[in-house]
Amino acid sequence: DTGVSQDPRHKITKRGQNVTFRCDPISEHNRLYWYRQTLGQGPEFLTYFQNEAQLEKSRLLSDRFSAERPKGSFSTLEIQRTEQGDSAMYLCASSLAQGARDTQYFGPGTRLTVL
Amino acid sequence: AQKITQTQPGMFVQEKEAVTLDCTYDTSDPSYGLFWYKQPSSGEMIFLIYQGSYDQQNATEGRYSLNFQKARKSANLVISASQLGDSAMYFCAMREAMDTGRRALTFGSGTRLQVQP
């Protein structure tokens, strides 16, 4: 069983550039989540999809951030006009909508550094 | 107020001994779930154990058990027979309002556990 995969694992960019990250969930999982984790902190929720519908968004998801899951499988997270404060680990998770527990399984993350 | 509080930034334990990692939470929702995750230096968050607010018994998963005290709003993780591979960051997380379909997890700031030989 393949876990959640994320690409790229590391990204270095200059301030003002756009970046896009990809997440491939566990194959049968219909829910997909994005979180951001800064150094020394726990992950912070950004957004969540059920199939292709984006159902929940955090106020952390500013206008410069957009996430898509066009066919209900993989998802992309784009950050436009990056700022140094965007430097963080971006984590993707997926879950299977089954019961109350609905455990989220995480990928290895994409570490973004904005210079 | 913090939703999830982990008061121990770092903990040391001798190999083969048991260790308790503290977690307190704050919610007014009657339906919620509590999760523990392990994050090794590689960065991936690994699910360990789950406790639902309506569960009558404390959750156990192998060497992991959860000491759930609902009235005190605490959900401490107990790791028995510590191994060197247990050295990692440990995060407590909560999902509130589970009966309304909310899915976001709120994480604490974590506890770094170091297992000494």
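For A:Asp24 and A:Arg22, the salt-bridge test passes: some basic side-chain N is under 4.0 Å from an acidic carboxylate O.
At a 4.5 Å heavy-atom cutoff, B:Gln51 makes no contact with chain A through either its backbone or its side chain. Only the side chain of A:Arg31 comes within contact range of chain B, with heavy atoms under 4.5 Å apart.
The backbone N or O of B:Cys92 lies less than 3.5 Å from a partner atom in the side chain of B:Gln6, making a donor-acceptor pair.
Using cut-offs of 30° and 60° for the angle between ring planes, the A:Tyr105 and A:His29 rings count as tilted.
Note that the OG1 atom of B:Thr60 and the CG atom of B:Asn67 stand 12.5 Å from one another [nearest 0.5 Å].
Contacts with chain B (heavy atom to heavy atom, under 4.5 Å) involve these residues of residues 52-89 of chain A, listed by number: A:Glu56.
A heavy-atom distance below 4.5 Å is not found between the side chains of A:Tyr33 and A:Phe106.
Of the listed residues (A:Gln50, A:Gln104, A:Gln6, A:Glu44), the greatest number of heavy-atom pairs within a distance under 4.5 Å of chain B belongs to A:Gln104.
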How far apart are the C-alpha atoms of A:Leu32 and A:Cys23, what are their side-chain angles, what is the distance that settles it, and do they pass the side chain to side chain contact (heavy atoms under 4.5 Å, CB included) test?
CA-CA 9 Å; A:Leu32 186 148; A:Cys23 170; 4.0 Å; yes
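Nearest heavy atoms, B:Ile49 versus B:Ala59: CD1-O, 3.5 Å.
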